[in-house]
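Note on naming: letters A, B, ... go to the chains in the order of the sequence lines (proteins, then strands), and numbering restarts at 1 for each one. Everything numeric here is computed off the predicted structure, so don't read it as measured data.
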Amino acid sequence: MPKNIIQKIWDDHLLVQRPDHPAVLAIDKMLLHEVTSAQAFNELRRRGLKVRYPERIIATLDHSIPTSKNRSNIEDIQAKRQVEALRNNTKESGIKLYDFDSRYQGIVHVMGPELGFTLPGTTIVCGDSHTSTHGAFGALAFGIGTSEVAHVLATGAILQYQPKTMKVEFLGKLPLNITAKDVIMKLIATIGMNGATGYIIEYMGTAISNMSMEARMTLCNMSIECGARAGLIAPDEITFNYLQDRPYTPKDKIWRQSVEKWRTLKSDSGCYYNNHIQVDISALTPMVTWGINPEQAIAINELIPVVEKGEQAYAYTKLRPGQAIKNQPVDWAFIGSCTNGRIEDLRLAAEILKGRKIARHVRLYIVPGSEQVMLQAIAEGLDKIFIASGAEFRMPGCSMCLAMNADKVPAGARCISTSNRNFMGRQGPGSITHLASPATVAASAIKGAIVSVEEI
Amino acid sequence: MQAFQAIISNAIPLDMDNVDTDMIIPAQFLTKIEKSGYGKHLFQRLKEQNPKFILNNSKYQFSKILLARANFGCGSSREHAVWALLQSGMKAIIAESFSDIFLNNASKNGLLTISLSPQTINNLMRQAQQETYILSIDLSKQIIVTSANEIFKFEYDSFRKDCLLRGQDDLDYLLEITQ
C-alpha cells in the first residue's frame with residue numbers, strides 16, 4: 001500500500017502498539033533548553049532514574065538569557081538559577097551543552113540544524129512548540145511538555161496517538177520580494193489557528209522545491225500556529241547540500257549510504273492523506289497581522305476586516321475594522337527568533353537597511369538566531385550595515401520573541417516583528433505585535449510605519 | 001499524580017476562543033526550576049488589565065471547573081500552564097476543543113479535559129454566567145450532571161481515563177515497555 005512520508009517515519013519508529021493504547025514511538029533525538037527541562041531532570045531524580053541515551057540529546061541556552069554583550073553575567077537571579085540547573089543537569093548526565101563559549105550556542109531550532117543534529121527520517125522532540133522547524137529536513141519533529149521530556153530522558157521513547165495527515169500544496173511560483181514567512185502566514189490566515197489541529201502537515205509545491213533550507217525552516221516553524229504539531233518537507237538535494245560536512249552529520253561512506261536512503265524518503269504516488277488543501281501563492285503580497293493571534297493576518301494593502309468576536313483584538317491593538325494596516329506607526333522593530341533569525345533573514349534585512357537610516361523614533365533589535373549566524377553576519381559585514389542604520393545588533397537568543405528575558409517591548413508600544421506569535425503581551429505586558437517578514441520589518445523600521453519594501 | 005475524584009463545583013465561564021498558554025501563564029513566570037508556585041500567576045495579565053475579568057470575580061474563587069470555547073491551550077508547549085491551572089484549584093477544563101500539546105500535558109498531570117459541542121458549551125456558558133450553577137463530573141461514567149438536572153455525556157480516551165482514575169503515570173507504562 002502506498003504510504004505518505006509521515007506514515008513512513010511513523011512506522012519506522014513504532015515500537016509497540018497495543019489495542020486501546022497510544023503508540024510507543026522511538027525518539028531518535030532530543031533538544032533541551034533551560035526553561036522546560038529542569039523539572040524533567042528532577043522527576044528522574046525523584047524516581048531514581050538515569051538518562052538512558054545521553055548521546056542522543058544536545059542542549060543549549062536560549063529563552064531566558066540576556067542578549068547584551070555581557071550576557072554571561074545574568075542579572076535575573078531566577079533565570080541564572082535556571083541556566084545553572086541546565087549546566088549541572090547536562091554535566092551530571094553526560095549530555096553535550098552548547099554554552100555561551102561554544103560558538104554553537106543559539107536558539108534550539110537554529111543551532112540544531114546548523115550542527116547537522118537534525119537529519120531526514122528521524123524523530124525529534126524538544127520542550128518547545130516550534131520544534132516543528134526541524135520538519136524542514138524531512139524529520140518528524142514536534143514540541144512536547146516537560147513530563148514528556150522526562151519520558152524521553154528516561155526511556156528514549158514517548159507515548160503518541162497516531163496523528164492524521166494533511167497535504168498542503170502551494171500552487172504557483174513565489175513572487176519577487178515575497179518570503180517563506182509570507183507563505184506560512186497566508187496558510188494560517190486561510191485555514192485558521194486550529195485549522196490543522198490533530199494533523200501533521202506535509203508541505204509541497206514548486207515554490208517549496210525551490211526554497212533554501214532557511215526558508216523551509218521558517219515555513220515549518222509556524223506549523224504549530226495553525227495547530228499542527230509538526231509540518232515537514234521531503235528531503236532533496238538542497239537538504240543534502242545543507243547537511244553535508246556539519247559536525248553531527250555522518251561522514252564518508254555512511255554519508256553516501258545515508259543520502260541514498262534519504263533519496264527514497266518521500267510520499268509514494270497515490271498515497272492517502274486525511275486532508276488536502278491547496279493555496280495559490282502566485283499573486284501573494286507581503287502579509288502582516290493586525291490582531292492578537294496569527295490567523296488575524298492580511299495582505300499589507302488590505303483593510304482590517306470585520307471578524308466575528310473581534311472586539312478584544314480591535315481593542316487591544318487599538319485598530320478598527322476598515323482601517324488600513326499600512327502606514328500604522330510603529331515604535332519598535334524586531335528581526336530574529338527561531339522563525340526568522342537565520343543568516344538569510346539577516347542578509348535580506350541588510351540589503352534593505354544598507355545606506356539607509358531607521359526612523360528616529362523607532363528602536364530596531366536585530367538578534368541573530370545563533371553564534372554561527374552572528375559570526376557569519378560579522379564576516380559578511382552585515383553588523384556594520386545594521387549599526388550604521390541605527391539598529392542594535394545583539395547576541396544570540398530568543399530575545400524579544402517572548403518577553404522572558406530583559407528584551408521587552410514596553411506597554412502600549414507597537415512592534416513590527418519577525419517572530420511567530422502576536423498574542424496579547426507576548427513581547428511584554430501591554431505590548432502590541434504585528435508579525436511580518438524580515439523584509440517588511442526592515443522597511444517598516446526605516447519608514448517608522450508598517451510598509452512593504454516597495455514603499456521605501 | 002493523584003487519582004482522579006468526582007468533581008462538584010460551579011464553573012468559571014471564560015467566554016473566549018483561543019485561550020493561549022501565554023495568557024494562562026505569561027513567560028516571565030517560567031524561570032523557576034520547580035513545579036510549584038505557578039497558581040498565583042494564573043491569567044495574571046488578564047486579571048491585572050481588566051478588573052471585570054471573570055477570574056477576578058470572587059464568586060469563582062473556589063471553582064474547580066473552567067469553561068471556555070474553541071482551541072483552548074493553543075500556542076506554547078509550556079506545561080507550566082497546566083501546573084498553574086491545577087495549583088489554582090482547577091480539576092477540569094470544558095471547552096469546544098483543545099490544542100494537541102495542551103491535551104497531552106493535561107492528561108499527564110491529572111487535569112481532565114472535556115470537549116463538548118459548541119451548542120452544549122453555549123448552553124453551559126449561558127447558565128454559568130447567569131446563576132449559581134453547579135456541575136458534577138463523573139469521569140468513570142463520562143457524564144456531567146448539572147444542578148438543572150441536565151446530563152451531558154462526553155467522550156474520553158480509554159487509556160487516559162484509566163491513567164487518571166488510577167492516578168497512574170505514563171512513565172510507568174513506558175518504563176515497563178522499553179526495558
Side-chain angles (χ1 to χ4, degrees), chain A residues 15-16 20-22 24 34-36 38-39 42-43 47 49 52 63-64 76 78-79 81-82 85 126-129 131 142-148 150-151 154-159 161 163 193-194 197-198 224-225 227-229 292-293 295 309 312 402-404 421 423-426 429-430, chain B residues 1 15-18 20-23 26-36 44-46 48-50 69-71 74-83 96-109 157-160 162-163 169-179:
Chain A
L15 295 175
V16 178
D20 296 325
H21 281 62
V24 179
E34 71 279 18
V35 179
T36 55
Q39 292 90 344
N42 288 342
E43 183 63 20
R47 291 174 180 252
L49 297 167
R52 198 176 287 186
H63 281 67
S64 61
D76 181 325
Q78 218 160 250
R81 249 177 95 221
Q82 197 168 50
C126 173
D128 188 278
S129 63
T131 307
F142 50 90
I144 58 176
T146 298
S147 293
E148 290 178 315
H151 298 176
T155 69
I158 200 170
L159 294 181
Y161 293 88
M193 65 187 295
N194 58 356
T197 302
I224 185 70
E225 309 313 335
R229 284 185 78 180
I292 53 171
N293 66 50
E295 80 176 36
K309 297 195 236 174
Q312 196 174 25
L402 85 167
M404 77 168 297
R421 285 184 180 135
F423 295 157
M424 293 185 288
R426 170 79 178 183
Chain B
M1 195 166 102
D15 194 357
M16 284 172 79
D17 286 316
N18 303 319
D20 60 69
T21 53
D22 271 85
M23 280 182 209
Q28 70 190 85
F29 304 116
L30 307 189
T31 49
K32 285 165 67 73
I33 57 174
E34 294 81 19
K35 258 189 177 180
S36 57
Q44 182 165 324
R45 294 260 180 81
L46 293 177
E48 285 168 358
Q49 277 164 16
N50 178 8
R69 302 274 180 180
N71 201 28
C74 60
S76 159
S77 61
R78 60 189 69 165
E79 198 163 315
H80 311 68
V82 170
W83 301 335
E96 285 174 31
S97 58
F98 295 89
S99 92
D100 286 338
I101 303 180
F102 184 86
L103 266 187
N104 271 340
N105 288 342
S107 76
K108 286 172 174 54
N109 289 275
D157 177 77
S158 61
F159 174 78
R160 282 178 173 158
D162 198 45
C163 287
D169 197 282
D170 285 1
L171 184 49
D172 297 326
Y173 176 65
L174 266 174
L175 285 165
E176 173 203 319
I177 284 191
T178 57
Q179 248 163 26

Which portion of [X] sits near chain B, non-hydrogen atoms under 4.5 angstrom:
| X | answer |
| --- | --- |
| A:T146 | both |
| A:Q312 | side chain |
| A:L402 | both |
| A:N194 | both |
| A:F142 | neither |

Minimum heavy-atom distance between A:T131 and A:C126, given as atom pair plus value = OG1-CB, 3.2 Å
Is there side-chain contact between [X] and [Y], with at least one heavy-atom pair below 4.5 Å?
| X | Y | value |
| --- | --- | --- |
| B:L175 | A:L49 | yes |
| A:T155 | B:Y173 | no |
| A:R229 | A:I144 | yes |
| B:C74 | A:M193 | yes |
| B:H80 | A:Q39 | yes |
| A:R426 | A:I292 | no |
| B:F29 | B:Q44 | yes |
| B:N104 | B:R160 | yes |

Does any N or O in the side chain of B:E79 come within less than 3.5 Å of the main-chain N or O of B:N105, such that one atom is a donor and the other an acceptor?
-> no
Okay, side chain of A:D76, backbone of A:A79: is any donor-acceptor separation there less than 3.5 Å?
-> yes
I'd like to verify something: which residue of [options] has the highest number of heavy-atom pairs under 4.5 Å with chain A?
| options | answer |
| --- | --- |
| B:I33, B:L30, B:D22 | B:I33 |
| B:N109, B:N18, B:L46, B:T21 | B:N18 |
| B:M23, B:Q28, B:E48, B:R45 | B:R45 |
| B:S76, B:S99, B:S158 | B:S76 |

Are B:R69 and B:D15 close enough for a salt bridge, meaning some N to O gap below 4.0 Å?
-> yes
Pick from [options]: which one has the most heavy-atom pairs with chain B under 4.5 Å?
| options | answer |
| --- | --- |
| A:A154, A:G227, A:G198 | A:G198 |
| A:S64, A:A85, A:A403 | A:A403 |
| A:L159, A:T197, A:V35, A:D20 | A:L159 |
| A:A38, A:S129, A:G430, A:A150 | A:S129 |
| A:I224, A:T36, A:D128 | A:D128 |

Answer with side chain, backbone, both or neither: which region of [X] has an atom nearer than 4.5 Å to a non-hydrogen atom of chain A?
| X | result |
| --- | --- |
| B:D100 | both |
| B:L103 | neither |
| B:I177 | side chain |
| B:F98 | backbone |
| B:D162 | neither |
| B:S97 | side chain |

